[in-house]
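The structure appears right after this line, and notes come after that.
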Amino acid sequence: MVKKAVIPAAGLGTRFLPATKASPKEMLPIIDTPTIQYVVQEAVDSGIEDILIISGRGKRAIEDHFDRNYELEERIKGKEDMMYDEIRNLTNLANIHFIRQKDINGLGDAIYYARQHTGNEPFAVLLGDTIIDSVIPVTQQLMDIHEQYQSTVIAVETVPRDKVSRYGIVGGDALSEKLMRLNQLIEKPSVETAPSNLAIAGRYILTPGIYKALEKTPKGKGNELQLTDAMIELLKRESIYSQTFDGKRYDIGNKLDFIKTTIEYAVKRKEFSSKVIAFMKEIIAEHGEQNTVRYHKV
Ligand code: UTP
């Protein structure tokens, strides 16, 4: 049974500079909630009570966010609109542990830091910069498959064929409409060589076998230890399944997706919905077609 989750959140966030020079990208808020809080909530909603966050230099704010802040609590206590209960609850969501990735050597290296914590058990991995909105938490969806097959399970999503070269792509035998037993994993294939248009989407259940696979995996793209490369190694020894999840993925690690996520979440929030839609109409009326927009240097 999967009891623990690992959330890698040590990355440098180079695609989101300058904001990420001194602040963790995982703390970038969608409206008023840091991205990593949505991620922790998904793990908790999936029944996980033990979470290890892989942290690094400049990531203190993440630890503080899930810790008590007595002065703040005192100030907002008893004030109805001040979210006292939500703030207090943040420290009780789960047993949250932290470990620091010493050098930022890639996602595979980050996961390797979890080996003592997860030991001989399977564990969930949720990328700290990726929110997935779904009725059933995606980690729960993967745990259900893991329960059945006792193997590594990767969440995948359909991407446009001409965009496969941006993603890790899986290939294999379909066991049902959404479930596949993998025989291929390829990082950023060309359109011609891609075995499918199913892309790895930032949620996994990994067996402890991943650690041995990571040890055998040489550094890959960007001279970093890549998790996809280690899963290719793992596939030589163990079955791996992919599940096309039900839900919508938001990668806040790139600026355009962050903007889109913010707008979509604002539209979904009752208190902002109509005002944001009215504002967007105003903006469209003001700027019209792309070629009439006046760009600002900020
Ligand atoms: P990304 O590759 O999206 O994050 O990793 P990044 O490296 O910070 O991004 P850019 O490309 O420089 O903008 C996905 C998740 O894995 C974590 C990141 O923090 C992010 O949440 N990660 C990545 C680590 O914990 N350690 C690493 O060495 C790399």
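In each ligand, atom 1 is the first atom listed, and ligand 1 is the first ligand listed. Everything quoted here is computed from the prediction, not taken from an experiment.
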Item checked: Amino acids in close contact with ligand 1, where any non-hydrogen atom sits under 4.0 angstrom away -> Pro8, Ala9, Ala10, Gly11, Leu12, Gly13, Thr14, Arg15, Lys25, Glu26, Gln101, Ile104, Asn105, Gly106, Leu107, Ala110, Leu127, Gly128, Asp129

Checklist line | Gln141 (side chain) donor-acceptor with Asp246 (main chain) under 3.5 angstrom | finding: yes

Next item on the list: Mind checking side-chain contact (heavy atoms from CB on, under 4.5 Å) for Asn183 and listing every partner two or more places apart, or none if nothing turns up?
Entry: Asp173

Item checked: Pairs where residues 21-45 contributes a residue and the test salt bridge (charged side-chain N to carboxylate O under 4.0 Å, His left out) is met, not counting sequence neighbours -> Lys25-Asp129, Glu26-Lys59, Asp32-Arg269, Glu42-Arg203

Checklist line | Between OH on residue Tyr84 and CD on residue Glu86, distance to nearest 0.5 Å | finding: 11.5 Å

Checklist line | Any Ile30 side-chain heavy atom under 4.5 Å of Thr35 side chain | finding: yes

For residues 214-221, which side-chain N or O atoms pair as donor and acceptor with protein atoms under 3.5 Å away, sequence neighbours left out?
residue	atom	partner	partner atom	Å
Glu215	OE2	Tyr112	OH	2.5
Thr217	OG1	Ala213	O	2.5

